[in-house]
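Dropping the structure in here first, questions after.
Note that ligands are numbered from 1 as they come in the structure, with each ligand's atoms numbered from 1 the same way. This structure is a prediction, so every number in the text was calculated from the model and none was measured.
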Amino acid sequence: MSLTTSPTLLSIDELRADFPDRVITPDDAAYDQARTVLFGGFDKHPAVIIRVVDADEVARVLTLARETGLELAVRSGGHSNAGHSTTEGGIVLDLGLMKRIEIDPDSRTAWAETGLTGLELSQAAAEHGLAIGFGDTGSVGIGGITLGGGVGYLVRKHGLTIDSLLAAEIVTADGELLHVNVESHPDLFWAIRGGGGNFGVATRFRYQLHELGTILGGMLMLPATAESIAEFMALSADAPEDLSSIANVMNAPAMPGIPEEAVGKVVLMATMCWAGDVEAGEKVLAPFRALATPILDAVRPIPYPEIYPPEDPDYHPTAAAITMFMDHVDEAVAQTMLRYLEASDATLRAVQLRALGGAYARVPADATAYAHRSSPIMVNIAAFHDGTDADRALRQLWVNDLAGELNQGDDGAYVNFLAEEGPERIRAAYPGRTWDRLVEIKARYDPANLFRLNQNIPPEPDAD
Ligand SMILES: Cc1cc2nc3c(=O)[nH]c(=O)nc-3n(C[C@H](O)[C@H](O)[C@H](O)COP(=O)(O)OP(=O)(O)OC[C@H]3O[C@@H](n4cnc5c(N)ncnc54)[C@H](O)[C@@H]3O)c2cc1C
């Protein structure tokens, strides 16, 4: 590929010849759809979107970005909360066509390309009675979620997604393809397990899969009272590790199965996932079901991939949000949540509670770049806004105020739930020595900060 050296001379004709039918520019009919990412509010206009099919093509796009100086956005599933997988006037490297999967049922491992979504890989693994945890939403790309950590429906049983990561193939800023695992480039392997897209483009991951067929899973919706919320969290913390849950205290949306009289009321809407013996699971779930008369109880034996809720591809929400960790949710804490949720008139507002522990907590904090292993509860607070500056500011204020009231002294943050929040919050994702190690490794693999459109770890110690 012949390259230009100035942003103004990006040669689209040459690119079209080099990546046949896979270069999209503002002149193309497919442009508007191709530049759209999941979250609304990121209305950016890339100069070019290039859909790559292999590591060699990734390296060529990196050369293009280096030589033109154009901003580079790396996109796997396009679900970045911060809008990092699109760019104004830059290059989008879109991995979405790279969906090859190789599963070895004997070793229970999979090589998976990073254009896959969590649901796609889960469905392929399920054909062999195998599974791996990603997040709570099937359309999230395995690229972004894995590189940041991955907290999902199997977190207490099998830990984060990165706790099942055995190896990766990474194209670094200079275009070299590295095979990375505990023995080969161990520093990089440590960094990509939580450090995000700062170190290169991941083209393939090798995962350890886990035997899992039928789970006991689905939605359990209960009336939200201070007692039901506090007791739900106490039961979740004490439950066997086979149980992971994601509980949203929120205003009930209008959706199939939810009685009309509950819609709009603040409820406890939880997704339960019991990944063990079904009969034993019924016993563990009984006290959750007995907390109050359920508004909806859809927890039943299902194949694991069915835990992912159906999605509307045209859904592009705009939301103010904040992520944090908490130590406990007692009745007083739950009461604070209820007070805020009931006072808000955002079309959707929620406090999401994820009880951690189990396999997640057994990994030493310094074993990967995800260091929040001793935090018992992950919390996400969100309020939808209408896209205007005024409403965005109003909802953000509400979110921040509530987060302030709920803060119990753990100032950590999960990188994959950060929005565009500035360097201090990125530091919060990487406490203590984790940050210093990441900066050192960044300086080694990406000294010019080619991969900077992300929750950025700068290559110089004091750059932030
Ligand atoms: C609806 C929704 C639900 C979510 N639920 C969960 C959840 O339950 N648990 C959880 O842990 N997270 C969850 N997340 C957060 C999610 O993990 C992050 O937003 C993640 O970054 C999305 O990955 P992606 O590949 O879809 O996004 P993209 O926007 O494509 O990528 C995000 C960033 O990751 C980097 N990146 C992506 N792919 C690569 C790659 N192959 N190589 C190098 N860098 C790459 C880039 O920096 C990119 O800007 C959720 C997000 C959404 C929108």
Legend entry - Check: G152 N/O within less than 3.5 Å of ligand 1 N/O: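 There is no such contact.
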Inset, instruction - Would you check if there is a donor-acceptor pair between the side chains of Y445 and D187 at a distance under 3.5 Å? - result: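 Yes, a side-chain donor-acceptor pair sits under 3.5 Å.
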Inset, instruction - Using the six-membered ring of F189, assess whether NZ or CZ of R193 lies under 6.0 Å from its centre and within 45 degrees of the ring axis. - result: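 Cation-pi check for R193 and F189: passes.
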Inset, instruction - Give the numbers and elements of all ligand 1 atoms closer than 4.0 Å to a heavy atom of L38. - result: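 Every atom of ligand 1 under 4.0 Å from some heavy atom of L38: 53 (C).
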Inset, instruction - Tell me, please, whether Y414 has R354 positioned over its six-membered ring: NZ or CZ under 6.0 Å from the ring centre and within 45 degrees of its axis? - result: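 Judged by the rule (NZ or CZ under 6.0 Å from the ring centre, within 45° of its axis), R354 is not positioned above Y414.
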Inset, instruction - May I ask you to identify the nearest protein heavy atom to atom 14 (N) of ligand 1, giving residue, atom name and distance to one decimal place in Å? - result: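 Of every protein heavy atom, F417 CE2, 3.4 Å lies nearest to atom 14 (N) of ligand 1.
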Inset, instruction - Please determine if G77 has a nitrogen or oxygen closer than 3.5 Å to a nitrogen or oxygen of ligand 1. - result: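 Right, the criterion is met.
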Legend entry - N or O pair under 3.5 Å between G141 and ligand 1: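 Such a contact does occur with ligand 1.
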Legend entry - L147, V37, L72: member with heavy atom nearest to atom 45 (C) of ligand 1: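 Selected option, by shortest heavy-atom distance: L147.
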Inset, instruction - Check if F451 has a non-hydrogen atom at a distance under 4.0 Å from any atom of ligand 1. - result: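 The answer is no, since F451 has no heavy atom less than 4.0 Å from ligand 1.
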Legend entry - Minimal non-hydrogen separation, T161 against T146, with atom names: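 Between these two residues, the closest heavy atoms are CG2-OG1, 3.7 Å.
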Legend entry - Where L235 and F288 come nearest, the two heavy atoms and their spacing: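 Closest approach of L235 to F288, heavy atoms only: CB-CZ, 3.5 Å.
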Inset, instruction - Heavy-atom contacts with V201 under 4.0 Å: which atoms of ligand 1 show up? List them by number with element. - result: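 Atoms satisfying the 4.0 Å criterion: 42 (N), 43 (C).
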Legend entry - Heavy-atom gap G150 to ligand 1 smaller than 4.0 Å: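 It does; at least one heavy atom falls under 4.0 Å.
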Legend entry - From the candidates T146, T323, T137, the one that places a heavy atom nearest atom 1 (C) of ligand 1: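 The residue whose heavy atom sits nearest atom 1 (C) of ligand 1 is T137.
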Inset, instruction - Answer with yes or no whether the side chains of N416 and N81 bring together a donor and an acceptor at under 3.5 Å. - result: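 Side-chain D/A pair, N81 to N416: absent.
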Inset, instruction - Could you pull out, from I145, N456, T117, the option with a heavy atom nearest to atom 10 (C) of ligand 1? - result: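 Among I145, N456, T117, the closest heavy atom to atom 10 (C) of ligand 1 belongs to I145.
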Inset, instruction - With rounding to the nearest 0.5 Å, note down the distance linking CG in D366 to CZ in R437. - result: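 It comes to 6.5 Å.
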Inset, instruction - Check whether any heavy atom of Y414 sits under 4.0 Å from an atom of ligand 1. - result: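 Under 4.0 Å: yes for Y414.
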Inset, instruction - Say whether, by atom type as modelled, one donor and one acceptor occur between the side chain of H158 and the main chain of H210 under 3.5 angstrom. - result: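 It does not hold such a pair.
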Inset, instruction - For Q455 and ligand 1, answer yes if some heavy atom of the residue is under 4.0 Å from a ligand atom, otherwise no. - result: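 Outside the 4.0 Å threshold, so no.
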Legend entry - Minimum non-hydrogen distance to atom 37 (C) of ligand 1, winning option of G144, G200, G196, A419: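 The option holding the nearest heavy atom is G144.
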Legend entry - Full working for side-chain contact (heavy atoms from CB on, under 4.5 Å) between I91 and L64: CA-CA 9 Å; I91 300 168; L64 182 74; 3.7 Å; yes
